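Here is the naming used below: chain letters follow the sequence lines, and residue numbers restart at 1 for every chain. Just so it is clear, the model here is predicted, and its values are computed rather than measured.
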Number of protein chains: 2
Amino acid sequence: MKKAAATRLTILQKAFELIYAQGYQATSIDEIIATTQVTKGAFFYHFKNKDEMGLAIIEEILKPTLTGSFIQPLTSNENPLKAIYDLMYYLLIKDKFLKPEYGCPAANFTHEMTSWNTHFSKALNELTGQWMQVMTQALERGKKQGWVGKEVNPRQATLFIMSGYWGIRNLGKLGNKTYYTAYLKELKRYLDQLR
Amino acid sequence: MKKAAATRLTILQKAFELIYAQGYQATSIDEIIATTQVTKGAFFYHFKNKDEMGLAIIEEILKPTLTGSFIQPLTSNENPLKAIYDLMYYLLIKDKFLKPEYGCPAANFTHEMTSWNTHFSKALNELTGQWMQVMTQALERGKKQGWVGKEVNPRQATLFIMSGYWGIRNLGKLGNKTYYTAYLKELKRYLDQLR
DNA sequence: ATAAAAAAATACTGATTAGTAGGTTACAAA
DNA sequence: TTTGTAACCTACTAATCAGTATTTTTTTAT
């Protein structure tokens, strides 16, 4: 029971890395099993097809990561505007797993899968929805505590901030890493204007 | 000489539509020639391989469109903040060619190709660079004319705005079209704060 | 220890992929 | 009208793809 769970996890992790760097469709099962040293029989024992593996990656790799790195920092009781900026700074500059040239895993998935696979859309919608909800709540809390201006619409602002993050992650692929720092400066400006 | 140019253009246009809806890798040459009624021999007479066709789409379809719809509206001498908002409103709401569920063609290409094909990166970088340059210039002009605050950094603001646009185009794929209107409202707020 | 079931290995299939080889038609200039 | 070439067509290939059938090994329960 333990060894099996380990190989399953190995497949998911290695596959995730490959997909993050190359895209879902460009990553073949043959390539996954070659880099994991797992045979095809073992692969299809754990996943009945490629898409089921893709969904498992979202559920078992992406979602826990999101909860840890993207959501928890927004649940504190400090100034949400500061928390949001710090989070973005961390994600764009500090985090050594997310690479500019590969963009954002969730955004990549969304881009690639949404138009043809509704299961993926649903799973990804939950993913982003969760993040947006937490950020919205943080801004609402900030309003009550006086950190955030009364005229601010939390849901609207959240959407705006998230759009910016998704966009800069994609734009950042086009080479210039200075994009990130310039983006962050303007993000700070924008956040300051929310009071 | 004329018939040939016509078939070439047909291929590019139909292929663009398919790729816009499905992605580059998911669109096979066989599918392209099936929908265009062009034979494989004709296809490979006009393009020496699939990637060359992809680059031709960027150069001959995407770039001219960009110039017409994305750039020209920013070259007027009116308030650039209004011009930017109107442009975004047009692109997100009015334009009937760009569909929410398919996102932005240029962003899609970037997402899918950048990490593994440097030729595409270069072409796409030119594309976005051109748009950013024009928007930056519009904001600089606006500063001189008093439309835009003196403390505003045009390049920085442009990057921020473009990030938002690319991001909302991608987020918009996840179903809810109300994302667009909420985004536009907050964009207005942001633009107003640039004076 | 042994039977049963779980996990993994091997070797394959049929479909699809990008691309090619070689021939045919259409059209221009001479 | 002939001839050369641009444009196009048909039929194929080799590689790769996701997925399967069958067998073997490993683990677990008794």
- Message: Just the rounded figure in Å: distance from P of dA18(D) to CZ of Phe43(A).
- Response: 8 Å

- Nearest whole angstrom, please: distance from the P of dC8(D) to the CD of Gln37(B). 14 Å

- Rounded to the nearest Å, what distance is computed from the CZ atom of residue Phe47(A) to the C1' atom of nucleotide dA8(C)? 14 Å

- Query: Taking only N and O in the side chain of His46(B), is any of them less than 4.0 Å away from OP1 or OP2 of dA6(D)?
  - Reply: no

- Query: Side chain of Ser121(A), backbone of Thr114(A): donor and acceptor closer than 3.5 Å?
  - Reply: yes

- Message: Counting primed atoms plus P, OP1 and OP2 as sugar-phosphate and everything else as base, spell out the protein contacts along nucleotides 11-25 of chain C at 4.0 Å heavy-atom distance: B, S or - for each nucleotide, 5' to 3'.
- Response: ------BBBB-----

- Message: With a 4.0 Å cutoff (strictly under), does any side-chain N or O of Tyr45(B) reach OP1 or OP2 of dA7(D)?
- Response: yes

Show every donor-acceptor pair shorter than 3.5 Å between a side-chain atom in residues 89-106 of chain B and any protein atom, with sequence neighbours excluded, or say none if there are none.
| residue | atom | partner | partner atom | Å |
| --- | --- | --- | --- | --- |
| Asp95(B) | OD1 | Phe97(B) | N | 2.6 |
| Asp95(B) | OD1 | Leu98(B) | N | 3.0 |

- Message: Any donor-acceptor pair under 3.5 Å linking the side-chain atoms of Tyr85(B) with those of Asn79(B)?
- Response: no

- Task: If the plane angle is over 60° it's perpendicular, under 30° parallel, otherwise tilted; pick one for Phe120(B) and Phe109(B).
- Result: parallel

Donor-acceptor pairs under 3.5 Å, side chain of residues 186-195 of chain B to any protein atom, not counting sequence neighbours: which ones?
| residue | atom | partner | partner atom | Å |
| --- | --- | --- | --- | --- |
| Glu186(B) | OE1 | Gln156(A) | NE2 | 2.9 |
| Glu186(B) | OE2 | Tyr190(A) | OH | 2.6 |
| Tyr190(B) | OH | Glu186(A) | OE2 | 2.6 |

- Query: Using 30° and 60° as the class limits, which term best fits the ring planes of Phe43(A) and Phe47(A): parallel, tilted or perpendicular?
  - Reply: tilted

- Task: Figure out the CD1/P separation between Ile33(B) and dA11(D), and round it to whole Å.
- Result: 13 Å

- dC8(D) phosphate, OP1 or OP2, under 4.0 Å from Thr7(B) side-chain N/O: yes

